[in-house]
Amino acid sequence: MSSSLDSSPVWHPYAHLKTQQPAPKVVGGEGPSFQLESGETLLDATCSWWCMIHGYRHPRLVSAIQQQADTLCHVMLGGLTHAPADRLARELVRITPKGLNHVFFSDSGSVGMEVAMKMAIQFHQLRGRSGKHRMLSLMKAYHGDTAGCMAVCDPEEGMHSLFAGYLPRHHFAPAPEAPFDADPEAVAADLAALRNVLERHHQEIAALLVEPLLQAAGGLNMTSPHYLRGARELCDEFDVLLIFDEVATGFGRTGRMFAADHADVTPDMMVLSKGLTGGYLGHAATLATTRVHDTFVGDSPEHAFMHGPTFMGNPLACAVALESLAVFEEEDYLGRIALLSDVLRQELLEDTRLTEHPEVADVRVLGATAVIETHGAAALDGVADWAREQGIWLRPIGRWLYTMPAYVTSEAQIRQITEVMKGWFR
Ligand SMILES: *Cc1c(COP(=O)(O)O)cnc(C)c1O
């Protein structure tokens, strides 16, 4: 298409430079849709990598940023504080599982995970267990693109196998297979596999990393709350910290505020990002329990946590996160998500033409997330262009065609999305 786009110096993510198509230019957005320079309006079935939970140009979020910009755009959090950071930390402590009482801010989900892993290592060091210096992660996991995070992503199917030689080595347990609504007996095999790795390697394992209930970028694998409860018990038994990566699942995506709420489990640390600011600015929070935090109270230089991203606690990000949370609660987003979820179930799970289609391996819905898993990525070749012709922005990951819509998407709009997802298989 236009040569000015072809020659743009912008280097796009996850793109094959030889086969990538010119990226359409977005000029604005409103609610769950955005507008292109060409005049097209696309209903965003992905809410921009799952973060624009209120949709585009939400008046309250825009105004929160404008007002904060008028007062204080940024100041370092080293040795200083400000009301937006303090208020947001208190709010996050209030809404997250009981016991997570301390908040370390950073600027992205990956860095939030790096902070959690570093804290876990230092936690054990400070207790005289310096041998615990590896992580335990799960197959199908995705925890981010920085080096520390790449090393805990699925080492086979993940995107980072090219870098294997560069990365530290960790332990991996099989991805849990029991579905969300499995009974405890059906989860036993998944937990036995986890126990097996812990029994053999717990002396060098600092923390277990879990994307609770929904392994997102690694294939939208949905698992049972019983798995989280079992993982909590195993971590306690083997003196391993439990870290929930709720970067994708946090803020309603699985139908509760946090995936942890389905299981009534408090992890030792929890990482939030994506939906935290309603997607309006990059930010992240790593929450820790009092037990973790208090281990860092001591006299030696090693007791300080040596980490501090320049933009941690950025006032604009904190202000818009506070407004995002206020809207979420005042406008009963959990109620909306339940409705969206019902429509997704009805349209996708109850349609046997879809579920029994030869190219479809599985169809899953959890909260405001739905996925059609195919037998191979080739089954989805061209689906994004085809959806765009019908006004829907869909972007499959590998062999998974999914939607994670904004929570302001109407019932009729959800049906537009599911029609296109199903239509591809007709
Ligand atoms: C997106 C994501 C990350 C990484 O967040 P970035 O902000 O892209 O660095 C980490 N963990 C999970 C579960 C994610 O979905």
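Ligands are counted one by one from 1 in listed order, and the atoms in each one are counted from 1 as well.
In this structure, the ring of Trp49 has its center no less than 6.0 angstrom from the ring center of Tyr142. Checked against a 6.0 Å centroid threshold, the rings of Tyr333 and His54 count as neighbours. Aromatic ring centres of His283 and Phe311: separated by at least 6.0 Å. Separation of the Phe123 and Phe296 ring centroids does not fall under the 6.0 Å cut-off.
Of the polar atoms of Ser110, at least one N or O is found under 3.5 Å from an N or O of ligand 1, judged by distance alone.
Residue Trp50 places a heavy atom under 4.0 Å from ligand 1. Note on ligand 1: Lys274 sits in its first shell, one or more heavy atoms being nearer than 4.0 Å.
Side-chain contact check for His58 and Tyr280: no donor-acceptor pair (N or O, by modelled atom type) lies under 3.5 Å.
The aromatic rings of Phe238 and His202 lie tilted to each other, with the angle between the two planes from 30° to 60°.
Taking every heavy atom of His143 and a limit of under 4.0 angstrom, the matching atoms of ligand 1 come to 10 (C), 11 (N). Those atoms of ligand 1 that come under 4.0 Å of a heavy atom in Ala248, given as number and element, are 15 (O). Residue-ligand proximity, Asp245 to ligand 1, at heavy-atom distances under 4.0 Å covers atoms 10 (C), 11 (N), 12 (C), 13 (C).
Considering Cys51, Pro13, Gly109 only, the shortest heavy-atom separation from atom 5 (O) of ligand 1 involves Gly109.
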